[in-house]
Amino acid sequence: MGSKILKVQKKRRIFLLFALCFFFLLSPLADAAEIVIIGDTTLRPVNDVVNYVNDNLPYSTSVYLPQDVRGRLKAIVAGEGVKVVVALGSEALGYALTLPESTPVVYGLVIKPVNSRRQNISGIYMATPVSEYLSYVNRFFPALKKVGLIYGPGNGDIANARASGQLVMQRAGNSYEFIKGVGALDRSVDAFLLLPERDLLTSTSVEELFRLSFSGKFPVIGLSEKYVKKGALFALVFNEAAMGRQIGEMVKKVLLRGDAYGLAAAPPEKYDLFLNVETARAMRIAVPGDLMKKASRIYP
Amino acid sequence: MKPIKSAISSLIRSLETRYGNTLKRKALCIALPGLIIASTVFTYDALKTERTIMRDEIRKRAEVLAHLASRMGELPILSGNAELIRGAIASLRGVPEVSSVAFYDRRMNLLMQDGLVLPPARMLPNDRHLVIFETPDYFDLYASVYTEKEREDIDLYHETKPGESLKENEGWVRIGFSKAAIIAAERRIILKGLIFACVFTLVIGTFVSLMFGVATKPLSLLSKALNSVRKGEYPDIHVNSNDEVGLLASEYTRMIDAVRDREQRLTESRKRISDLFYRVEHAIFTLDSKGRIIESNRKFDELCGRPAEFCSLFVKREGKDRLSDAVSGRFTNVEESIIGADGTELSIVISLYPEFDESGNAVGFDGYFVDISEKKKLEEAIIQAQKLESIGLLAGGIAHDFNNILTGILGYASLSQAIVSRDSKIFGYMDIITKSAQRATNLTHQLLGFARKGKYKVEKLSVNDIVRELVVFLRETFDRSIAIVLEAEGDLPPVEGDGNQLYQALMNLCINARDAMPDGGRLYIKTETYALEDERTATLFQVPRGDYVRISITDVGTGMTEEVKKRIFEPFYTTKGVGKGTGLGLSMVYGIVKNHGGYINVYSEMGLGTTMRVYLPKTSGVIEERRREEIMDGRNKRGTILFIDDEDMVRELGKEILEAYNYRVLVAVHGSEGVRVFHEHRESIDLVILDMIMPEKGGRQVFKEIRAMKPGVRILLCSGYGQEQYFDELFDAGAAGFLQKPFQHVDLVGKVEEAMKS
C-alpha cells in the first residue's frame, strides 16, 4: 500500500516537471514587461507609439496583437507586473477595458474619447473636432454658410454642440436613416460634414452620400484622406507621427503618476490637410491659395 | 467487348453481302461508326463544356444578380418599407431569368415575395453571403443582404483592403433564377451538335469515300481488268504512281503480258491439237461412262456419222462388252467390224482407254480407231495379184516348154510335108499333126498371154480404132437381143502395145458380158481419158499414177458374187458349163492388160450387172499406119546367121530351115559358146538369132557382149515366153526383132528376112 502511494507521488512529480518545461519553453510571455502595448503593428501609428516608448521610456515593453491577448490579457498583466497597458485600436481597447481598475490603461487610435465607468484610463482619440472643421470652413470657404451633419446613436454629445447656428444636425439610427437624412438635408445645407460614425458609414451609404453630394452640389467635408480621394472637398486628419508621440507622452505621464486617474482624453494635437480641387471645381467652389499651401496632399 | 465485336463483324458482313466487298465500303463501314462516335463524343463534350460554361455564366449572372440584389435589398430591409421592398423586387423581376424574388429579415421571416411560389426558406448561417441551391428548373439563390462597415475606427482613416471590411447581415433576398435559358441553350447545342455531327459525318464520310475512291481507283481498275481477264480480254491499265499500287499495276501488266503470251501459245497449241484432232486420219472420240459419244473428230463423223451410242456401232458382240474390256485394259489395238455412216461394214483397229475418278470408277473413255478396210482390200488384192503372178509364172514355164516341144513338132511336120507328096497319107498325117500342134500352140499362146509373156509387137495404137473395129465385129456376130452402145471420147490419146492382143482382150471381155446376159440386154462400151491420182489405187494395182485410157465394158446381166469376183482372173476358173469355156479368157485379158502396163477393175452388183474397166497408160506421139507386111519369099537371099539356143531340137530345126533357104548357119549351144563363135566369125556373121532364156549366160548378157564386139550386127531376139519388159531396152539398143516360139518355118524365115532388111 505504501509503495503504491509512493509510485503515485512519483508520477505526479514527473508530470509537473514536464508541465513546467512545456510552459517555459512555449511561453515568450513569460518575459517580464512593464508596458504592454496591444495593437496592430502593421499600422504606422502603432509603430510610432512603440518606437517612442522604447526610445524615451526606461521600461520594458511587450507588444501584442489584439487577437493574441484575447482572453489572456488579465493573466498577462497579472503575471508580469505590468505598470501600464497601451490599447491601440477599438478591439485592443475592448480587451483593455476588461482589466481590473488597478491597471492603468492608455488608449489610442479610437475615434472618440471612451465613455466608460472605468476611471483609471486615459488616451488620445482621432476624431477631428467639429469646431476645427467649422474654423476651416469659415476661414477658407465662407460661402458654405450652412453645414449639415448626421450623428449616430453614440454621439449625443455632438448634438449638444449645437451652439453654432451654422450646423444643421440630424440623428440616424442606421445607414438607411443616414441616407434618408442626407436626402432631407440636400436643399437646406451648403456642405455636409462627415462624422466618423462607423455604423452609419456603410459602403452603400457612403456611395449614396457622394451621389447626393454631387447631384445636390453640396460638398462633403471630412473625414479622412480616403474620403477626400472619394470626393470630399477637404479633410483634417490627425498627424500620425504626432499621434504616436502624443500617446507615448500620455504613457509616460501615467507611468510617472502610477495611474491614469484624472487624466482627460485629448484630441490630436496636429492635423494634416487633404484637399480635392476637382470636387471644388465640380462644386464651383474656389479654393484659396493659402489653403492649398497648407494641404499635405491635393487630389487628384 | 465480344458482343460489340461480333455485332460490328456481322454488320460489316451484311453490308458486304448487300453492297459488295470493296475497300472503300469497308473503310466507310469502319470510318462511319468512328465518325458517328467521334461526332457524338465531340458533341457530348461540346455540350458538356458549353453547359459548364453556360452554367458558370448563368451562375455568374446569378451571383452578380444576387450581389446586386443584396445591395439593392440593404436599404429596403433596413428601412422596413414595403414600397421600397416591392420596388427592389420589381427591379429584380425585370431580369428575364428571375422567376421569383423574396425578401427575408435576418431571422428568415418572409418580408415579401413575388413570382413563383418557392419552397419554405432554409435557415442559413449569417457568415454566408451567397448560397445557391439547384433544382431541375431553376437556381435557388439566397443572397445575404448586409451592410459593409469599417472593422476598426482607424479604418475610417486608412484605405482598407477588399474583404477587410465588416459585413453585417441585415436579411436575405431569395431569387429563383430560371434555368430555361440553360435548357434552351442545351437544346440548341444538342441540335447544333447533331447537325454538326451529321454534317461532319457526311463531309468526312464523303471525303473518306473520295480519298478511298482516289486511292483505290487503281485497285478498281485492276479489279475490272482482272475481271476482263477472266472473260478472256487483256486490257492494259495505266497507273501513274510509284507506290505499292503502282508496283502492283506494273506487276499486273507484266503478268498480263506473260499470260497473254502464254495463252496465245496455248491457243496456238490448242489449235494445232484441234486441227490435228480434226484432220488426223484416225477416228478419235470421247465417251461418257455409259458409252455416249461426247466428242468426236471429223474422221469419226465421216466414217460413222453421228451416232449417239458408241456401242451401237459394232457388228458383232454386245457393244457394252467393249467398255468392260476397256475398263480392264483389254481393248487396245483390237480388230473389229463396225457399221459405217453409209451402212457398209468397215474394218477397224480400235483402242479404248478408260478414265477413272479418285474412287477408281470409270467416268469416261477416250478412244480412237483406224479404218483398215482399204488396207484389207489392198492386202487381198496383193495376195490375189501374187497368186495370179505365181500362176502366171507356172503357166509361163509350162507354155515355154510346150512351145519348144511344139516348135519341134510343127517344124519337122512342116519339113516333112515339104518333102513328101501332097497326095500321100503321110502328108495327111503331117497335116493332122500340124493342126493339133497349132491348137496346142493357141493354148500356150493364151497361157503366155495370161503370164504376160505374149506381147509380140509394140506400137502406138488408137484404142478407139480397136474398139470401133471390135464393135463392128460384135454387132455382126452377137445375138440381136444384145444392144451394143459405144461411147468413144474424141481426142483420146494413143496407147502403146500389141493391137492384136488388145483386140483379143476386149473381145474376151465382151463375150463374157454377152454370156452374162443370156436374155439379152445392153452392152455399153465406153472409152475415155482417166487421170489416176489416187495413191492407194496405184499401189493396189501396182501401177504408177498418171493419165490412162479407160475402156469400160458394162453389161446389165446377172452380176457376180464377191467370191466369183475374187477368182475370175484365175486360169481355168470358169462359171460356165463344161465345154463352154476354157477358163483362160479373163486370165488372158488380165495378162494382156498387165503386160501393157495397165490394170483392170471389176465392179459388179448381183442382179444389176457388171462393169469391167481396163486402164491402159497413155503415150505420146503419132499413131503410125498399121502395115500389113507380107512375108517375102527369100529363097534367093544369102547371108551368115549365128543361131544361139540351148534347146537342141529348136537349134537344129532352125538350122535346117535356114540352110534350106540358102543361109549359112552357125550354131551355139549356150551363151558363152555363142559369144565365142561370134568372136571367131564376127566379120562374116550378118544376123544373130538369140534365145533369151538360157542357163548360165542369158540372152541379155550375150546381146551386150556381141554388140560390144560388133555394134552394128543384127540380132533377132527369140523366146518361148513372149516379149519381156526388158526387151524394150534391147530394142532401143538396136535389136532387129522378136521371134516367138514355137515358130513355123514361115515365121522364122519372115522374121529373118525382115531383120536382114533393117
Side-chain angles (χ1 to χ4, degrees), chain A residues 39-40 42-46 66 88-94 107-112 114 125-128 172-180 183 194-208 222-230 235-240 243 268 272 274, chain B residues 64-89 91-92 103-107 111-112 126-127 129-130 143-173:
Chain A
D40 185 356
T42 59
L43 299 173
R44 186 185 167 190
V46 174
L88 300 175
S90 54
E91 186 181 1
L93 177 59
Y107 60 84
L109 301 183
V110 294
I111 292 172
K112 55 190 178 182
V114 173
Y125 58 91
M126 295 182 293
T128 303
N174 55 36
S175 57
Y176 169 71
E177 290 176 356
F178 176 79
I179 295 301
K180 193 177 175 185
L194 196 58
L195 297 181
E197 293 285 355
R198 238 174 0 116
D199 290 336
L200 300 183
L201 296 181
T202 66
S203 58
T204 306
S205 62
V206 170
E207 283 176 19
E208 188 64 18
L223 162 72
S224 62
E225 185 182 1
K226 73 176 182 181
Y227 286 92
V228 172
K229 205 188 293 181
K230 286 180 179 177
L236 292 170
V237 183
F238 65 91
N239 182 278
E240 292 182 352
M243 175 68 80
D272 290 328
F274 297 92
Chain B
V64 168
L65 189 68
H67 182 67
L68 182 65
S70 72
R71 297 297 302 275
M72 285 174 69
E74 179 186 352
L75 295 180
I77 288 178
L78 282 173
S79 70
N81 189 318
E83 283 303 315
L84 285 179
I85 295 172
R86 192 172 291 114
I89 287 174
S91 299
L92 290 171
F103 276 84
Y104 300 87
D105 65 9
R106 67 183 62 171
R107 293 182 186 81
L111 299 176
M112 190 174 287
N126 287 334
D127 57 345
H129 298 294
L130 179 63
S144 170
V145 178
Y146 55 87
T147 56
E148 192 171 7
K149 302 174 184 176
E150 302 298 349
R151 188 175 295 277
E152 281 284 343
D153 291 346
I154 190 70
D155 294 335
L156 289 170
Y157 296 90
H158 287 154
E159 291 287 352
T160 50
K161 295 173 185 175
E164 286 185 345
S165 58
L166 179 65
K167 294 176 178 174
E168 288 185 354
N169 179 265
E170 300 293 343
W172 296 89
V173 57

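Naming: A, B, ... by sequence-line order, numbering from 1 per chain.
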Shortest non-hydrogen contact from A/A127 to B/Y157? CA-OH, 3.5 Å

By a 4.5 Å heavy-atom criterion (distance strictly below it), what part of A/K229 contacts chain B: side chain, backbone, both, or neither? side chain

Does some side-chain heavy atom of B/I154 sit less than 4.5 Å from a side-chain heavy atom of A/M126? yes

Residue A/E208 versus chain B: region with a heavy atom under 4.5 Å: neither

Please identify each residue that fulfils salt bridge (charged side-chain N to carboxylate O under 4.0 Å, His left out) with B/D155, with sequence neighbours left out. none

Kindly say whether A/S90 contributes a backbone atom to a donor-acceptor pair with the side chain of B/E152 at under 3.5 angstrom? yes

What is the distance from atom OH of A/Y176 to atom CG of B/L84, rounded to the nearest 0.5 Å? 5.0 Å

Side chain, backbone, both or neither: which part of A/D199 has an atom under 4.5 Å from a heavy atom of chain B? both

Please indicate whether B/K149 has more than 12 foreign heavy atoms, meaning atoms of other residues, nucleotides or ligands, lying under 6.0 Å from its NZ. yes

Can you tell me which of B/E148, B/E170, B/K167 forms the most heavy-atom pairs within a distance under 4.5 Å of chain A? B/E148

By a 4.5 Å heavy-atom criterion (distance strictly below it), what part of B/I77 contacts chain A: side chain, backbone, both, or neither? neither

Using every non-hydrogen atom in the two residues, find where B/D153 and A/V110 come nearest and quote the distance to one decimal. OD2-CA, 3.7 Å

Provide the closest heavy-atom pair for B/L78 versus A/S175 in the form atom of the first, atom of the second, distance. CD1-OG, 3.0 Å

A/L43 portion near chain B, given a 4.5 angstrom heavy-atom threshold: side chain

Between A/P45, A/A235, A/P196, who has the most heavy-atom pairs with chain B when the cutoff is under 4.5 Å? A/P196

Top residue by heavy-atom pair count (under 4.5 Å) with chain B, among A/R198, A/E177, A/K180? A/R198

Highest number of heavy-atom pairs under 4.5 Å with chain B among A/L200, A/V237, A/N174, A/L223 belongs to A/L223

Nearest atoms (heavy-atom pairs only) where A/S224 meets B/L156: OG-O, 2.6 Å

